[in-house]
Q: 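One structure, as structure tokens, below. Some questions next.
Lettering of chains follows the sequences in order, A, B, ..., and the numbering in each one begins at 1.
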Amino acid sequence: MPWKGEKDPYKIWLSEIILQQTRVEQGLEFYKKFIFHFPSVSDLAQTPDTEIFKLWEGLGYYTRCKNLIITARHIAIDKKGIFPDTYAEILALKGIGPYTAAAIASFAYNLPHAVVDGNVFRVLSRFFSISTPIDSTAGKKIFASLANELLDKKQPASYNQAIMDFGATVCKPKIPLCSSCILQTQCVAYKKGIVQLLPVKEKSIIKRNRYFYYFIITYNSKIYVYKRKENDIWENLYEFILVEKTSPVTIDINSMARLLTDTIDTKKFKITGITKVYKQQLTHQTIYAQFIQVDLFTVLSNPAYDLIGKEEIKKLPFPKLITSYFKDHPLFKI
DNA sequence: AAGCCGGGGAT
DNA sequence: ATCCCAGGCTT
């Protein structure tokens, strides 16, 4: 992995943001792409938001990208391009919490701060047989202080790297390699036979269903798009004109036409196609989406909608749901 | 303290 | 279908 042994705080920071709640295999290509486009923090800071979001497209958790931009510009402008070198200053940056601050502080500056990520929670809870839920306030305190006690203060970077690697390769979530584990005789959970039961989480995720009807409205060879706002998924990404329902709508031309006339201020259109149902599984919700292609014969007056040419649309960032649609329906065919 | 934010891979 | 991932922010 290109960030292992890396000492440039900018590159460490970038890799850690990309890897938040993201597997190494999934983040690797994004990291390479970002380093290629933005060798330094000033390169990143000077680039327009939309271009950066386009590179982040498909990686998910888009607030990370928003905060990445904010922090890049803060460092480039307010800090004259110099990355902060104390734990407290690093922690104060947007998008950086306790884990990422400890990772940067130890990897870049060899400061004695223990990382506590999913791997560390798992290793410590099993090795010491601690059943305090890791997603509780008490649990976070216990595991953080325990991790800092155990930290090798003389080589924090190596220690942090080692315990995470151990969790990722040996003390794995579902099928830990206990039979070949060098810590087997010291592992309390193994002794008790409760490795599979640890770590404990107390909160369960509640999912809801959402039904999206996207109208691909073409007028004068251009298409209407909309930039998503805050307080919902996919902030700062683009989409088409959306009608959302809490329950599915019957799929025929007439029902779709009614949906559209409830949303836009004209009846001068013709529906030319309706796609299959696309399903997108998110952490807290399942989205079912259909795309309805529409030819429009008059302009819309809603200023929130942007009428964009097909070549320009290719430069905008879209959620996976919509890039999946593009895959099946290339824009030049619309 | 609780809820929300994506997408992908393993099981 | 469920869990988890080099977590953090908002309410």
Q: Tell me which nucleotide among dG8(C), dT11(B), dT11(C) gets nearest to the side chain of N231(A).
A: dT11(C)
Q: So, OP1 or OP2 of dA6(C): does either fall under 4.0 Å of a side-chain N or O from T100(A)?
A: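 False: T100(A) side-chain N/O out of range (4.0 Å or more) of dA6(C) OP1/OP2.
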Q: Classify Q280(A) by what it touches in the nucleic acid, base, sugar-phosphate, or nothing, heavy-atom distance under 4.0 Å.
A: sugar-phosphate
Q: Between dG8(B), dG7(B), dG7(C), which one does the side chain of R23(A) approach most closely?
A: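 The nucleotide sitting nearest to the side chain is dG8(B).
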Q: Using atom C1' in both nucleotides, what's the gap between dC5(B) and dC5(C) to the nearest angstrom?
A: 14 Å
Q: Which is more 5' along DNA chain B, the nucleotide nearest K172(A) or the one nearest F318(A)? Just name the residue.
A: F318(A)
Q: Does any donor-acceptor pair link the side chain of Q26(A) with the base of dG7(B) at a separation under 3.5 Å?
A: yes
Q: Expressed in angstrom and rounded to an integer, what is the separation of M164(A) atom CE from dA6(C) atom P?
A: 9 Å
Q: Between atom NZ in K207(A) and atom P in dG3(B), what is the gap in whole Å?
A: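 Distance check: K207(A) NZ to dG3(B) P gives 16 Å.
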Q: Assign K4(A) to base, sugar-phosphate, or nothing according to its heavy-atom contacts below 4.0 angstrom with the strands shown.
A: base
Q: Using whole Å, what does the distance between atom C1' of nucleotide dC5(B) and atom CD of E57(A) come to?
A: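 Whole-Å distance recorded here is 17 Å.
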Q: Rounded off to whole Å, could you give me the CD1-to-C1' distance for the I205(A) and dC3(C) pair?
A: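 Interatomic distance, CD1 of I205(A) to C1' of dC3(C): 9 Å.
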Q: Could you label the plane-to-plane angle of the F212(A) and W234(A) rings as parallel, tilted or perpendicular, counting under 30° as parallel and over 60° as perpendicular?
A: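 Taking W234(A) first and then F212(A), their aromatic rings stand perpendicular (interplane angle over 60°).
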Q: Look at the side-chain N and O atoms of W234(A) and state whether any lies under 4.0 Å from the OP1 or OP2 oxygen of dG7(B).
A: yes
Q: I want to confirm an ordering. Mapping T63(A) and F107(A) to their closest nucleotides on DNA chain C, which one lands closer to the 5' end?
A: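 Its nearest nucleotide being more 5', the pick is F107(A).
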Q: For the residue pair Y211(A) and Y288(A), is the inter-centroid distance of their aromatic rings smaller than 6.0 Å?
A: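 Yes: the rings meet the under 6.0 Å criterion.
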Q: Indicate whether OP1 or OP2 belonging to dG7(B) is found under 4.0 Å from a side-chain N or O atom of Y62(A).
A: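 Affirmative; the distance criterion is met.
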Q: With heavy atoms under 4.0 Å as the rule, sort Q161(A) into base, sugar-phosphate or nothing.
A: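 Base contact.
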Q: Rounding to the closest angstrom, what is the interatomic distance between dC4(B) and dA6(C) at atom P?
A: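 One P to the other, the span is 24 Å.
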Q: Does Y62(A) have its ring centroid less than 6.0 Å away from the ring centroid of F53(A)?
A: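 Centroid separation for Y62(A) and F53(A): 6.0 Å or greater.
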Q: Among the candidates dA6(C), dA2(B), dG7(C), find the nucleotide nearest to the side-chain atoms of D165(A).
A: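 My answer, after comparing the listed nucleotides, is dA6(C).
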Q: Just the rounded figure in Å: distance from C1' of dC5(B) to CZ of R210(A).
A: 12 Å
Q: Show, in sequence, the C-alpha distance, side-chain angles and deciding distance for Y325(A) and F291(A), and conclude whether the ring-ring contact (aromatic ring centres under 6.0 Å, His included) test is met.
A: CA-CA 8 Å; Y325(A) 165 79; F291(A) 296 85; 4.2 Å; yes
Q: Mind calculating the distance between NZ (K66(A)) and C1' (dC4(B)) to the nearest angstrom?
A: 13 Å
Q: Please state whether the phosphate of dG7(C), meaning OP1 or OP2, lies under 4.0 angstrom from any side-chain nitrogen or oxygen of K94(A).
A: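 The answer is no; no side-chain N or O of K94(A) sits under 4.0 Å from OP1 or OP2.
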Q: Using a heavy-atom cut-off of under 4.0 Å over every strand shown, decide if R208(A) touches base, sugar-phosphate, or nothing.
A: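 No contact.
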Q: Mind checking N160(A) for me? I need base, sugar-phosphate or nothing, with any heavy atom below 4.0 Å counting as a touch.
A: nothing
Q: What contact category does T22(A) fall into here, base, sugar-phosphate, or nothing, at under 4.0 angstrom with non-hydrogen atoms?
A: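 The residue T22(A) makes base contact.
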Q: Provide the distance between the two P atoms, one in dG6(B) and one in dT11(C), to the nearest whole Å.
A: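 Their P atoms lie roughly 15 Å apart.
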Q: At under 4.0 Å, does any side-chain N or O of K279(A) touch on OP1 or OP2 of dA1(C)?
A: yes
Q: What contact category does Q285(A) fall into here, base, sugar-phosphate, or nothing, at under 4.0 angstrom with non-hydrogen atoms?
A: sugar-phosphate
Q: Verify the neighbour count for atom NZ of K203(A): are there more than 12 heavy atoms of other residues, nucleotides or ligands below 6.0 Å?
A: yes
Q: If the cut-off is 4.0 Å, is H284(A) near the phosphate of dC5(B), judged by side-chain N/O to OP1 or OP2?
A: no
Q: Measuring from the side chain of D117(A) (C-beta onward, heavy atoms only), which nucleotide among dA6(C), dG8(C), dC4(C) has the closest atom?
A: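 Among dA6(C), dG8(C), dC4(C), the one nearest the side chain of D117(A) is dA6(C).
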Q: Which part of the nucleic acid does I206(A) contact within heavy-atom distance under 4.0 Å: base, sugar-phosphate only, or nothing?
A: nothing
Q: Examine W3(A) together with Y31(A) and report whether their ring centres are nearer than 6.0 Å.
A: yes
Q: Do the ring planes of Y10(A) and W13(A) sit parallel (below 30°), tilted (30 to 60°) or perpendicular (above 60°)?
A: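 Correct class here is tilted.
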Q: With a cut-off of less than 4.0 Å, is there a side-chain N or O of K320(A) near OP1 or OP2 of dG6(B)?
A: no
Q: When you measure only distances, ignoring hydrogens and angles, does the side chain of R64(A) come within 3.5 Å of the base of dC5(B) through a donor and an acceptor?
A: no
Q: For P199(A) and Q21(A), take the nucleotide of DNA chain C holding the closest heavy atom to each; which residue's nucleotide lies nearer the 5' end?
A: P199(A)
Q: From CG of L19(A) over to P of dC4(C), roughly how many Å is that when rounded to an integer?
A: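 About 19 Å, once rounded to whole Å.
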Q: Ignoring hydrogens and angles, does a donor from either the side chain of Y99(A) or the base of dG7(C) sit under 3.5 Å from an acceptor on the other?
A: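 Counting by modelled atom types and ignoring angles, no donor-acceptor contact under 3.5 Å is found here.
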Q: Measure from CG on L282(A) to P on dC4(C) and round the result to the nearest Å.
A: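 Those two atoms, CG and P, are 18 Å apart.
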Q: Between F121(A) and F143(A), is the ring centre distance below 6.0 Å?
A: yes
Q: How would you label the contact of G58(A) with the nucleic acid (heavy atoms, under 4.0 Å): base, sugar-phosphate, or nothing?
A: sugar-phosphate
